[in-house]
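What follows is a single structure, written as structure tokens, with notes after it.
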Amino acid sequence: MMQVLDLNKSFGRLHVLQGVSLECRYGSSIALIGPNGSGKTTLIKSMLGMVIPDSGRILFDGANIAVDHGYRRRIGYMPQMSRYPENLRMGRLMDMLVDLRGSDHGLDMELIDDFRLKGMYDKRLGTLSGGTRQKLAACIAFLFDPDMYILDEPTAGLDPVSSEKLREKMQREKGKGKVTVVTSHVLSELDDMVTEVVLMDEGRVRIHSTLEDLMRKTGEQRLTRIIANILSSTSANG
């Protein structure tokens, strides 16, 4: 489980995170949503150790990530945009990643097979289409069978069949008790994938609730309608 405790981060006068707290429990799939500039990216980078918060703590299974960096081996991260050395071949990249981990035991090759990437291992990374780069990023995120996934706009650029394969993979991992944090601007894609919703705005967590509770409170069944209902109510009360 990852715990974010009263996280604050500013860049100059811009307060990007303001007292952010949340728990990411095993077996949960969390939709991290909010408008551009709401703090989602900074929160993700903080969880990955790529941004150092001004105050607050992040714990992974009780250990402070600021002093215990080994937790990163237990997270599979899929960025929204992936960049690779253009002259490197796909197969060589995969070999290098395995070599860096020091073991090829227990590799999760399921998505590599589903996306039929082995037949493209001789291709140079600079020649890959945007969709193929996205498939490769997904395969890398799942490759080492981590305990937690952080997936930033995972289906962006994927064709419908590949998007469905990735969603099915995410469902299977959730069934194994893994924890997933996923962002997407296409809320309809998250309806069948998530169990919890975190809505951020202006650097704060405005909502953190189970999808089931939000359905009950709003009377809506679709995430798009749920968020619209909440925002409409907030605007009316504000």
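We count residues from 1, following the sequence as given. Scope of the values below: all heavy atoms of this structure, side chains included, with no hydrogens, waters or symmetry mates.
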Check whether any side-chain N or O of [X] sits under 3.5 Å from a backbone N or O of [Y] as a donor-acceptor pair, and report yes or no.
X	Y	value
S28	V179	no
S163	D159	yes
D108	D145	no
H208	V205	no
S232	A228	no
E220	N229	no
T210	D213	yes
Q134	A156	yes
S10	G12	no
E110	K169	no

[atom1]-[atom2] distance between [X] and [Y], expressed to the nearest 0.5 angstrom:
X	Y	atom1	atom2	answer
I150	T183	CD1	OG1	10.5 Å
M78	L151	CE	CG	7.0 Å
I207	I227	CD1	CD1	5.5 Å

Grab the two heavy atoms, one from [X] and one from [Y], that are nearest each other, plus how far apart they are.
X	Y	value
Y149	P146	CE2-CG, 3.4 Å
A63	D68	CB-OD2, 3.5 Å
L117	M90	O-SD, 3.9 Å

Original post:
Hey, does L223 have a side-chain heavy atom less than 4.5 Å from the side chain of L211?
Top reply: yes
Subject >> Residue among M1, R74, R73, M2 satisfying side-chain contact (heavy atoms from CB on, under 4.5 Å) with D147 >> reply: R74
**OP:** Keeping to residues at least two apart or across chains, list the side-chain hydrogen bond (donor to acceptor under 3.5 Å, both in side chains) pairs with something in residues 111-124.
**Re:** none
Original post:
Which pairs count as side-chain hydrogen bond (donor to acceptor under 3.5 Å, both in side chains) when at least one residue sits in residues 79-88, sequence neighbours excluded?
Top reply: none
**OP:** Show your working on side-chain contact (heavy atoms from CB on, under 4.5 Å) between T180 and I30 and close with a plain yes or no.
**Re:** CA-CA 6 Å; T180 302; I30 302 169; over 6 Å; no
Original post:
So V186 and T155, side-chain contact (heavy atoms from CB on, under 4.5 Å) or not? Walk me through it.
Top reply: CA-CA 9 Å; V186 185; T155 61; over 6 Å; no
Show every donor-acceptor pair shorter than 3.5 Å between a side-chain atom in residues 37-52 and any protein atom, with sequence neighbours excluded, or say none if there are none.
residue: S38; atom: OG; partner: P35; partner atom: O; Å: 2.8
residue: K40; atom: NZ; partner: G34; partner atom: O; Å: 2.8
residue: K40; atom: NZ; partner: P35; partner atom: O; Å: 3.4
residue: S46; atom: OG; partner: T42; partner atom: O; Å: 2.8

